2 protein chains.
Amino acid sequence: MRLVRKPKASVRLTDVAKMVGVSTATVSRALANPESVSPATRKTILDAVRKAGYTPNVAARNLRVRHTKMVLVVVSQISNVVFAGVLSGIDEELNLHGYGLIIGHLDNKPEREDHFIKMALSGAVDGVLLLSLRRLPQGHGLTMLDARLPMVTLNEKLEGANCPEVTVNDRQAVQQIVEHLYDLGHRRFAHIAGPDHNYTGLARRAGFLEALGHLGLDAAQMPIWQGHYSFEDGGVVGPQFMKLFPRPTAVFAANDEMAIGFIKYIQHHGLRVPQDVSVVGFDGIAYADYLNPTVTSVVQPCREIGRAAALMLVKQLRGEPAADVEIKAALKIGESSGPARA
Amino acid sequence: MRLVRKPKASVRLTDVAKMVGVSTATVSRALANPESVSPATRKTILDAVRKAGYTPNVAARNLRVRHTKMVLVVVSQISNVVFAGVLSGIDEELNLHGYGLIIGHLDNKPEREDHFIKMALSGAVDGVLLLSLRRLPQGHGLTMLDARLPMVTLNEKLEGANCPEVTVNDRQAVQQIVEHLYDLGHRRFAHIAGPDHNYTGLARRAGFLEALGHLGLDAAQMPIWQGHYSFEDGGVVGPQFMKLFPRPTAVFAANDEMAIGFIKYIQHHGLRVPQDVSVVGFDGIAYADYLNPTVTSVVQPCREIGRAAALMLVKQLRGEPAADVEIKAALKIGESSGPARA
DNA sequence: TTGAAAGCGCTAACAC
DNA sequence: GTGTTAGCGCTTTCAA
């Protein structure tokens with residue numbers, strides 16, 4: 001059995017040229033650069049194009065012009081609201097500049113990156129945006145760098161790369177939120193950290209430690225549990241928190257989901273938030289405003305982050321210089337943080 | 001000023017062939033179909049490929065083989081959790097079959113579809129998945145149908161198309177949830193509907209009306225407000241609800257976000273959920289479980305929906321028949337629904 | 001302003 | 001088992 005040749009009866013440039021009685025070059029020009037063709041022929045050609053329903057074949061075009069007007073976005077988890085927001089911003093900006101979007105979804109499996117490295121190498125895209133949050137390159141085999149494509153990283157450091165990056169001021173933002181808690185009188189803190197193979201997880205933890213240091217508190221005394229940014233983690237940590245004595249009066253979770261899970265757990269076990277314990281998160285997801293209490297957090301302007309990153313990439317694609325960008329996350333005080341108990 | 005020719009020093013098939021001293025055909029075969037080449041040459045070639053870091057150029061390949069192993073997914077709003085979950089499932093399944101994913105993000109602007117129609121027409125993808133929730137084709141100009149590509153729709157009817165579809169049993173699911181409320185003694189209902197240019201919005205509203213009919217209630221008596229599936233809509237509807245007399249004892253919102261926004265509003269205005277009014281949603285998003293009260297809803301298995309759709313498309317791509325699939329959403333009783341007040 | 005023609009990098013007949 | 005070769009559909013130089 002052999003594969004049948006696809007009938008693919010689509011109309012080609014040649015067909016249009018024949019219909020009109022001009023060369024393919026002229027049709028191509030009429031489409032790409034209308035002014036370079038006499039008004040009369042232009043009209044005939046454009047009419048024919050419309051009538052025939054001609055659309056240029058991109059594979060042929062890509063092969064010839066050596067670019068694709070496509071960008072690869074490598075993202076660790078697409079169903080995460082923060083990423084989804086960022087993606088939205090990326091798409092919006094890319095769109096403005098005529099680029100399309102190919103999703104390289106890692107689905108939290110970093111090894112999948114290899115596949116996308118190959119994709120980049122294969123010329124399928126003109127540039128790549130890395131939001132994999134990966135802390136370090138694997139160190140073996142090919143890396144994204146080998147694709148020698150314009151690239152920008154988002155909350156991620158790429159070792160050995162000179163590619164521009166957009167970062168969020170996680171560390172300072174965490175400082176702010178910890179200070180907010182400190183100002184409310186809290187002295188005993190705990191932290192529910194994010195994954196440690198993850199750039200933001202690390203940055204937020206470091207920010208936490210740093211903040212305590214600045215405030216003259218002994219960071220070594222403060223419990224830190226590690227989660228994976230999921231709701232459930234908040235509940236997993238709960239029991240450990242409950243048995244602490246003296247209990248911390250303020251808990252900083254590295255993202256809102258964990259904060260929410262944690263609040264749910266401790267409320268369920270008789271603690272009031274914020275009267276008994278204040279808990280704060282990070283990200284500023286919309287849902288946090290609909291909780292009872294609403295959660296104090298640091299809001300990341302996701303869409304803008306995405307747009308900034310996309311714009312930086314586009315600039316590179318154009319051969320323009322692109323400087324690093326740092327986006328500011330802003331403290332947003334909700335009801336989940338209050339004065340420490342006397 | 002003219003564009004400089006990109007130096008694009010990437011290694012080509014020809015280069016590898018020269019290095020090894022065989023023809024390009026042999027290299028091509030060694031890569032595509034290793035058994036068709038003698039073990040010795042195979043090894044030499046594969047070694048050379050690795051050493052040279054050769055990756056086939058996809059544009060050239062696509063042009064030659066007339067397919068791209070790419071699928072276009074047209075989605076109305078990527079930063080919506082439900083879509084994000086579905087997308088995740090689509091990606092997972094597609095991946096299994098060697099297909100990549102191009103996102104056609106409408107960003108709630110239906111007119112953007114034109115762009116993606118052109119993309120489909122241009123041979124950039126082998127098939128398309130439609131999750132735009134659009135109720136009807138625009139009726140003018142080109143439509144997706146013109147691309148004559150394998151296609152499957154997800155919660156969307158494409159007029160004049162014979163393409164298979166995956167649907168969710170929204171109507172029955174709504175019936176179940178309304179019956180659940182009825183069984184709790186509720187007789188006065190209200191509905192916060194989704195957008196009416198939207199397949200699911202319509203289906204859920206129809207389901208609501210239908211359910212009331214089956215239960216022998218007068219649907220015409222029940223207030224229906226329309227929202228756009230956002231949190232805020234719940235709050236917008238709130239005041240109108242408050243001034244009703246007698247007030248409905250049960251409210252069905254067409255999605256969880258609106259239900260959550262509504263709950264927040266009425267709680268804030270002194271009503272207790274579910275003691276004073278029961279409110280239920282649709283979708284079963286994870287956040288709903290962390291609210292106080294947790295919200296009764298209908299859970300859609302997003303990832304499975306996505307996988308089913310992707311699989312149907314892959315089957316078509318292989319030339320196999322693909323039958324319509326209906327996915328069942330399941331009632332999930334939370335704390336936001338309770339007995340009607342006496 | 002237009003046309004002829006080369007060739008982008010690859011695959012798949014077909015011949016050996 | 002391997003090589004030769006003809007394109008896939010397009011853009012773009014170069015010449016007219």
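Predicted model, so just to flag it, every value in this text is computed and none were measured. Chain identifiers are assigned alphabetically (A, B, ...) following the order of the sequence lines, protein sequences preceding nucleic acid strands; residue numbering begins at 1 within each chain.
Residues forming a side-chain contact (heavy atoms from CB on, under 4.5 Å) with B:Asp91 (at least two apart in sequence, or on another chain): A:His105, A:Arg112, B:Asn95, B:Leu101. For B:Arg318, the side chain to side chain donor-acceptor pair (under 3.5 Å) partners two or more places apart in sequence, or in a different chain, are B:His97, B:Glu320.
Heavy-atom minimum distance, B:Asn62 versus A:Ala59: CB-CB, 3.8 Å. The minimum heavy-atom distance linking B:Tyr54 with B:Leu31 is given by the pair CE2-CD2, 3.7 Å.
Heavy atoms from other residues, nucleotides or ligands lying under 6.0 Å from CD of A:Glu304 number 12 at most. Within a 6.0 Å sphere centred on NZ of B:Lys118, other residues, nucleotides and ligands contribute 12 heavy atoms or fewer.
The closest side-chain donor-acceptor pair between A:Thr26 and A:Ser23 falls under 3.5 angstrom. Residues A:Asn108 and A:Ser76 bring no donor and acceptor atom of their side chains to less than 3.5 Å of each other.
One atom, CG of A:Asn33, and another, P of C:dT1, lie 11 Å apart when rounded to the nearest Å. Nucleotide D:dG7 holds its C1' atom 16 Å from the CZ atom of B:Arg61, rounded to whole Å. Put simply, NE2 on B:His67 is 13 Å from C1' on D:dC8, counting in whole angstrom units. If you take CG of B:Leu13 and P of D:dT4, they are 14 Å apart, rounded to a whole angstrom. A:Lys43 places its NZ atom 18 Å from the P atom of C:dT1, with the value rounded to the nearest Å. Separating the CD atom of A:Glu35 from the C1' atom of C:dT2 is a distance of 16 Å, rounded to the nearest angstrom. Here D:dC10 presents its P atom at 10 Å from CG of A:Leu31, a figure rounded to the nearest Å. Distance CG (A:Leu63) to P (D:dG7): 17 Å, rounded to an integer number of Å.
The side chain of B:Thr41 places an N or O atom within less than 4.0 Å of a non-bridging phosphate oxygen (OP1 or OP2) of D:dT2. Distances shown here put a side-chain N or O of B:Thr26 below 4.0 Å from the OP1 or OP2 atom of D:dG3. Phosphate proximity of D:dT2 to B:Ser38: present, with a side-chain N or O under 4.0 Å from OP1 or OP2. At least one side-chain nitrogen or oxygen of A:Arg12 sits closer than 4.0 Å to the OP1 or OP2 atom of D:dG9.
Taking five base pairs at each end of the helix from C:dT1-D:dA16 to C:dC16-D:dG1, the local helix axes there meet at an angle of 30°, rounded to 10°.
Comment: B:Lys43 engages B:Asp47 in a salt bridge, judged by a side-chain N to carboxylate O separation of less than 4.0 angstrom. Ion pairing between A:Asp15 and A:Lys18 fails under the 4.0 Å rule for side-chain N and carboxylate O.
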Pairwise N/O distances under 3.5 Å, protein to nucleotides 5-7 of chain C:
| from | atom 1 | to | atom 2 | distance (Å) |
| --- | --- | --- | --- | --- |
| C:dG7 | N2 | A:Arg64 | NH1 | 3.3 |

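Where B:Ala60 and B:Arg29 meet DNA chain C, the nucleotide closest to each residue was compared, and B:Ala60 sits on the side nearer the 5' end. Comparing B:Ser23 and A:Ala59 against DNA chain D, the residue whose closest nucleotide sits nearer the 5' end is B:Ser23.
Remark: side-chain polar atoms of A:Asn33 are not paired, donor with acceptor, to backbone N or O of A:Ser36 under 3.5 angstrom.
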Acceptor/donor pairs from residues 78-90 of chain B side chains to any protein atom, 3.5 angstrom cut, sequence neighbours excluded:
| from | atom 1 | to | atom 2 | distance (Å) |
| --- | --- | --- | --- | --- |
| B:Ser79 | OG | B:Gln77 | OE1 | 2.9 |
| B:Ser88 | OG | B:Arg303 | NH1 | 3.1 |

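Less than 4.0 Å separates DNA chain D from at least one heavy atom of each of the following residues of residues 44-56 of chain A: A:Tyr54, A:Pro56.
Counting non-hydrogen atoms under 4.0 angstrom, B:Val22 reaches the backbone sugars and phosphates but no base.
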